[in-house]
Amino acid sequence: MMGVSVKNWSKTALWSGILILLAIALRCTWFYISVNHLPGYDDECKIAIQADDIAHGRSFPLLILASPYIFPLDAYLMAMTTHILPRGEVGIRTIALLQGLVALLVFLQILRMGGDWRSVWPGVLLVLFPSAYWLMLQCATLLPGYPPMLLLGPLSIWLSLRRPQKTAGVALTTAGAGAASALACSGSMLSLSFLVCAAAASLLQRRWIHTVVAIACFGGAAWLGLLPHRAAEREYAGAFSAVQGTVSVEKAVRTLEHSLLEAALPHAMGLGAPFFPDTEQHVQGYEPLFSWIGWAWLFALGASSVWALWRFIRDWIRAHHPVLTFDQVFIALSWASLILFIFSARSHSRTYRYILPAVMSWPMVLAGAYAYSGRAVRVIVGVVALFFLSVNAHNTYALLREWSHPGFADGLAIYDQKPAIDYLKAREIHHAYATYEDAYRITYATGGEILCGQPYNERFPSWRAPYADELMEATNVAYILTTTGRFPAVWMENDCAGLGVSYRRERRGHYWIYTDFRRSGYPPERKLDPSLMTLSATHAQDMLPRLLDGDSYTRYRVPEEQGTDMWVQVSFSEPQWVSSILLDDTASRRDRAGALNFDARLPSGEWRSLLRDVATKSDAFEWMNEHPVYARSVQTYRFPAVLADAIRISIAKPVRKHEWRISELEVFGPAERVGSPVAEYSATEGVP
């Protein structure tokens with residue numbers, strides 16, 4: 001029977017089956033190499049931590065950890081497999097591999113809309129064996145937001161291009177396209193190009209009644225798909241401001257030439273593919289092509305656009321209603337992706353992933369050019385497709401070799417953490433700080449037994465760092481640092497030296513571990529209870545409660561330019577000994593005053609000057625529960641202890657064109673009551 005079946009297969013079907021199996025085998029090979037040579041890295045572990053929380057009902061997050069712009073759809077999908085798959089790299093990356101394989105089938109289904117495989121073979125080859133960069137994201141890494149986009153984006157296009165005869169079918173397919181594209185946007189706004197193109201394709205129906213149905217179903221489903229994004233915007237005010245922003249046309253043109261066409265696009269299309277998402281290290285030997293391949297792509301896209309527009313108008317006249325072919329949608333998708341890239345304030349020469357929708361569209365553009373053109377164009381397209389196939393094969397082989405090297409993970413700063421974890425467990429330390437690259441890996445590897453967070457949010461400094469409150473309240477805390485990264489060990493050592501803090505330092509593997517912090521040179525103080533205080537001010541009195549609410553991300557704000565007539569006053573229900581004032585501007589660093597005055601009102605009613613014209617300067621760190629804390633941006637103003645019933649803080653030197661904003665205000669006094677209104681120690685003792 002097997003022989004008869006094979007004999008009856010056409011050669012095209014046989015070769016198609018072989019190529020599909022080879023493509024799946026290639027992806028599984030890269031997956032196997034990744035789980036055996038690359039430990040779970042920071043972004044993957046953040047997703048896995050949230051998947052654990054979702055699976056156990058501990059939280060249902062709207063945003064990925066420490067990132068104010070991504071709905072963790074990956075985590076919700078992974079939560080369904082947490083109890084089935086083994087913990088670790090296999091459990092983390094399997095969901096990405098499965099999404100990549102399904103996306104492959106979706107692309108093949110789209111290509112079938114252009115005819116049999118012989119009519120679209122350039123696209124088939126480049127979808128089965130794509131750019132090494134695209135392939136890496138499909139099967140070997142879980143870059144947050146991208147596996148869902150790689151699947152839901154093409155799925156929305158496929159659904160939008162289907163043309164059911166019945167109204168119910170139109171409703172189902174357009175609703176599916178709207179939901180898929182919008183949900184992809186909730187995970188990454190880069191998917192906006194898919195949403196726009198899927199909407200356009202969905203609305204071009206054969207009958208006007210189907211157009212009405214498509215508008216209602218696509219719009220309603222898209223509204224539902226964007227609910228996570230809308231809820232996050234409502235729940236976390238200003239969450240997306242850290243990543244939003246556009247540039248001028250002049251800068252966009254410079255970005256097009258220097259960042260996109262000569263750097264990001266060639267790498268993303270596989271010519272000199274990066275060793276890892278958005279790294280500078282890449283496959284060598286393609287540098288001479290960088291200066292012209294991007295321009296060649298832009299020319300080809302322009303020529304394809306003209307031909308596609310002509311066919312669209314011609315077919316519209318013939319059929320008496322607008323008709324879209326698959327390649328026309330992907331040409332539009334390429335332009336939308338290009339526009340989003342060059343006008344984004346976050347794009348640069350190594351944000352290869354930002355141009356990914358255009359890279360994914362390239363095989364479809366070539367397939368359409370081949371399917372709908374004459375012999376001469378087909379020859380050119382075939383040569384171009386074979387060129388890219390050879391480039392993809394070489395780059396993929398080079399990356400597989402690179403990933404197989406024993407030192408590959410170390411080269412990416414993904415170091416073995418077991419020696420450091422064993423040291424912390426031996427000393428029964430359950431709270432630690434580490435850089436972004438290491439913190440979430442430690443938390444995930446220990447199942448939360450060691451809660452590890454960033455000293456501060458390194459990528460988005462004005463955004464709350466996960467676990468900040470738990471770590472500030474802990475008393476036995478370690479710092480796990482390296483000589484590199486965004487927060488190298490030398491930074492903390494220098495800060496400690498300047499503030500008179502000693503520590504114990506141990507080397508374990510690649511890491512320096514700091515514990516047993518001790519501080520000298522500061523008089524012991526106690527924080528005054530906010531319930532003893534009443535606030536008043538010259539401006540914005542309705543916002544004063546925010547200064548004492550304990551939240552560094554709400555702030556007192558004077559909505560006008562700073563001036564020397566502005567002050568805030570803290571009055572006490574009864575006279576208190578006061579020795580320092582802490583001002584927190586974690587969420588408003590740019591809007592602190594240039595310099596401040598501090599005055600105290602004595603029990604006699606007399607006002608006494610404490611500090612004059614003191615420049616605002618952030619402390620290196622806070623000292624809390626016997627360890628340094630970097631989570632907040634604060635300034636501590638110390639003066640000789642004084643018995644006062646009010647403290648007034650006024651602007652001595654305003655900053656032009658800036659509002660005055662303060663997140664929190666904290667008042668401290670001597671730990672022990674002193675015997676006279678003014679203590680004997682210096683006002684500047686211990687001040688950095």
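Keep in mind that what you see is a predicted model, and the values were worked out from it rather than measured.
Side chains of H229 and M189 form a contact here, defined as non-hydrogen atoms less than 4.5 Å apart. A heavy-atom distance below 4.5 Å is found between the side chains of L289 and W292. Side-chain contact between I64 and D74 is absent, with no heavy-atom pair separated by less than 4.5 Å. Put simply, the side chain of V120 reaches to within 4.5 Å of the side chain of W117, judged on heavy atoms. Side-chain contact check for H37 versus W403: every heavy-atom pair is 4.5 Å or farther apart. Put simply, the side chain of P277 reaches to within 4.5 Å of the side chain of M136, judged on heavy atoms. Between E437 and R486, the closest side-chain pair of non-hydrogen atoms falls below 4.5 Å. Between T81 and L98 the shortest side-chain heavy-atom distance does not fall below 4.5 Å.
Aromatic pair F290/H267: ring centres closer than 6.0 Å. Under the 6.0 Å cut-off for aromatic ring centres, Y76 and F71 qualify, their centroids lying closer than that. Taking the six-membered ring wherever Trp is involved, the centroid distance between the rings of W295 and F299 does not fall below 6.0 Å. Proximity of the aromatic rings of F107 and W134 is defined here by a centroid distance below 6.0 angstrom, and this criterion is met.
For the side-chain contact (heavy atoms from CB on, under 4.5 Å) criterion with F129, the lone passing option out of T396, L19, V124 is L19.
Interatomic distance, D43 CG to Y440 OH, rounded to the nearest 0.5 Å: 9.5 Å. Distance check: I331 CD1 to F326 CZ gives 9.5 Å after rounding to the nearest 0.5 Å. In this structure, CG in L183 is found 6.0 Å from CG in L152, a value given to the nearest 0.5 Å. Going from atom CG of L309 over to atom CH2 of W307 covers 11.5 Å, rounded to the nearest 0.5 Å.
At distances below 3.5 Å, at least one donor-acceptor pair connects side-chain atoms of E44 with backbone N or O atoms of Y41. Listed for the Q284 side chain is a donor-acceptor partner under 3.5 Å among the backbone atoms of H282. A donor-acceptor contact shorter than 3.5 Å links the side chain of S160 to the backbone of I157. Of the possible donor and acceptor atoms, none in the side chain of H258 sits under 3.5 Å from a partner among the backbone N and O of R254. Under the 3.5 Å distance criterion, the side-chain polar atoms of Q205 are matched with a main-chain donor or acceptor of S202. Without hydrogens or angle criteria, E402 side chain to L400 main chain gives no donor-acceptor distance under 3.5 Å. Remark: the backbone N or O of V170 is paired with a side-chain donor or acceptor of T173 at under 3.5 angstrom. For the pair S181 (side chain) and A177 (backbone), a donor-acceptor distance under 3.5 Å is present. No side-chain donor-acceptor contact under 3.5 Å links Q99 to the backbone of L151. A donor-acceptor pair under 3.5 Å links the side-chain atoms of N395 to the main chain of A273, judged by distance alone.
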_R346 vs T351, test: side chain to side chain contact (heavy atoms under 4.5 Å, CB included). Steps then yes/no._
CA-CA 8 Å; R346 292 177 59 82; T351 48; over 6 Å; no
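Using a 30° and 60° split on the angle between ring planes, Y354 and F341 fall in the perpendicular class, above 60°.
A donor atom on one side chain and an acceptor atom on the other are not found under 3.5 Å apart for Y133 and N392.
Between R459 and D42, none of the side-chain N atoms (NZ, or NE/NH1/NH2) sits under 4.0 Å from a carboxylate O, so this pair counts as no salt bridge.
The heavy-atom pair separating L190 from M149 by the smallest distance is CD2-SD, 4.0 Å.
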